[in-house]
Amino acid sequence: MLTRHRRSLSLVQRGILAVGCGITAVRDPYRYDCVAYATEATTLPSQLEQVKKRILSTDEGRRLLDAKPIINTNTVDFEHLKSLAPSTLGHEYQSMLERQNISPDTRVPVKYVEDEEAAYVMLRYRQIHDFLHLLLDAPTNFEGESAVKAFEFSQTGFAVPFLGATAAPFYRLNSAKWKRHQKRLATLMKDNTYLHYLSVFYEERWDQDIDQLRKEIGIPQIFQ
Amino acid sequence: MIRSVACRVTRSARRISVSPIVAEKSTHFGEKTVKVEEKQGLVNTVFNNVADSYDVMNDVMSFGIHRCWKDSFVRDLAPRPGTKMLDMAGGTGDISFKALQYAQKKYGKSKANFNITVSDINKEMLRVGEKRAHERDDVDESCLTFQVSFILATFMSRVQHADAHKLPFEDESFDYYTIAFGIRNCTDIDKVLDEAYRVLKPGGRFMCLEFSPNVCPAIKPFYDFYSYQVIPPMGQVVAGDWDSYQYLVESIRKFPDQERFKMMIEGAGFEAVNYQNYTFGVAAVHDGFKL
């Protein structure tokens with residue numbers, strides 16, 4: 001998932017990737033690769049460095065960056081997750097994947113972030129997107145996705161989730177829904193001094209009560 | 001018989017001085033050095049990946065100019081009625097479609113009697129070619145409905161999966177051998193030229209359209225910038241594949257220049273070999289005759 005050969009981009013290449021992938025992603029939201037690579041092209045190394053620092057500020061985060069775990073059908077024991085008590089992280093995660101018929105294997109590899117640790121941070125960001133759907137209880141429709149993007153932006157500062165949370169709904173939603181979304185944005189984008197969602201070693205917390213985890217991270221309750 | 005032996009001897013004599021690639025065990029794959037046995041597989045992977053977006057990317061990369069090159073190429077080829085053509089590395093069928101249109105327009109659908117075999121080592125490219133031919137089936141169907149007894153312009157009578165280094169065709173079975181934007185991907189160019197010579201009839205014509213590494217110095221900086229800064233990211237955007245287009249761009253620079261390629265063609269036994277540059281040397285057409 002972290003390809004061994006990653007390229008660093010020149011300014012021109014970055015621009016073309018950002019604009020080209022950006023336009024393609026808007027016209028065809030099923031081009032997940034374009035969403036991913038537009039993010040890689042528009043994210044500055046300093047932003048990834050900042051997220052990395054937040055992760056390294058806790059013991060758990062340091063363990064996470066040491067281990068660099070990857071979530072896919074080979075690394076996660078879904079049978080074990082099924083056996084856990086309901087309302088645990090593991091059980092809820094597994095049933096969400098089943099309910100929505102999605103797989104953790106569909107994320108594209110990181111190709112355009114050269115530094116290995118920064119590339120891992122980008123990969124982790126991509127992989128934890130599904131967890132956010134679970135923690136926020138956000139549906140996979142347009143409004144749910146925008147809400148997840150808003151939270152991601154508040155925690156990372158990346159440009160693509162910002163656009164996904166603001167510009168996309170502005171153009172797509174009717175005025176009533178847009179007003180409701182704006183209220184959500186105000187909550188989601190507030191500065192968060194709780195545990196950073198990317199510094200959480202989710203794989204160590206499968207049996208944790210999910211509401212307790214939500215409190216630790218400071219997840220706003222907007223869809224419940 | 002004596003003539004063909006003499007030809008082969010002269011060819012090998014000429015060969016030694018012009019192509020050191022045959023002697024090496026490793027070869028180039030874009031900027032990388034790989035074992036000879038590996039190159040074909042790697043090239044295959046590239047074209048498997050790009051097959052579906054190939055035509056779109058060609059338009060994007062060349063701003064549609066590749067169509068002009070191919071039109072010019074076919075006009076130069078000027079296929080005559082009653083002939084057989086082998087379109088090698090013909091993949092998605094561009095040259096074949098244009099050659100057929102040329103023959104039909106010039107000689108009329110009923111009299112063209114022009115037979116084309118489209119051949120490629122890559123099944124994915126051929127699949128796309130077959131699909132396009134099917135979509136353009138109206139051309140053939142109207143031919144076919146005319147009369148069976150007339151001589152028809154048959155097309156795609158055989159879509160053959162073939163390796164240019166070792167063709168499954170008999171000696172002296174074609175009047176024309178064309179290869180457009182394919183030869184630079186071949187591992188052993190001399191072998192490909194030899195095979196081309198073998199399958200052509202006496203009087204037959206070899207024509208090759210290819211990017212050349214020798215671009216006019218005035219535009220080279222812009223050309224290089226465009227090749228490395230624009231094409232690979234566009235490959236990611238359009239075809240979801242940066243690496244394959246990086247390879248394509250690098251492989252152009254590894255190809256022999258116009259003069260050297262001309263000598264290689266002569267080394268295979270072709271005569272009256274000429275070349276012509278297109279678009280400031282970005283591409284070139286080489287042609288020769290088997291006399």
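Sequence lines set the chain letters: A, B, ... in the order given, protein chains first and strands last, and positions in each chain run from 1.
Of the atoms belonging to Cys21(A), heavy atoms from both backbone and side chain fall under 4.5 Å from chain B. Interface remark: Leu9(A) contributes side-chain atoms only to the contact with chain B (heavy atom separation under 4.5 Å). Heavy atoms of Val238(B) lying under 4.5 Å from chain A belong exclusively to its backbone. Neither the backbone nor the side chain of Arg14(A) comes within contact range of chain B, judged by heavy atoms closer than 4.5 Å.
Annotation for Tyr278(B): atom OH counts as buried by contact number, over 12 foreign heavy atoms lying within 6.0 Å. Counting heavy-atom neighbours within 6.0 Å of Phe170(A) CZ, excluding the residue itself, gives a total of 12 or less. For Glu204(A), the CD atom sits in a packed shell: over 12 heavy atoms of surrounding residues, nucleotides or ligands are nearer than 6.0 Å.
Between the side chain of Gln13(A) and the backbone N or O of Tyr228(B) there is at least one donor-acceptor pair closer than 3.5 Å.
A 4.5 Å side-chain heavy-atom check between Gln236(B) and Ile16(A) finds every atom pair outside the cut-off.
Taking the six-membered ring for Trp and the full ring otherwise, Tyr112(A) and Trp242(B) have centroids separated by under 6.0 Å.
Contact record, Thr24(A) with Val237(B): OG1-CG1, 3.4 Å, taken as the closest heavy-atom pair.
With respect to chain B, the highest number of heavy-atom pairs below 4.5 Å among Gly20(A), Ala25(A), Ala38(A) belongs to Gly20(A).
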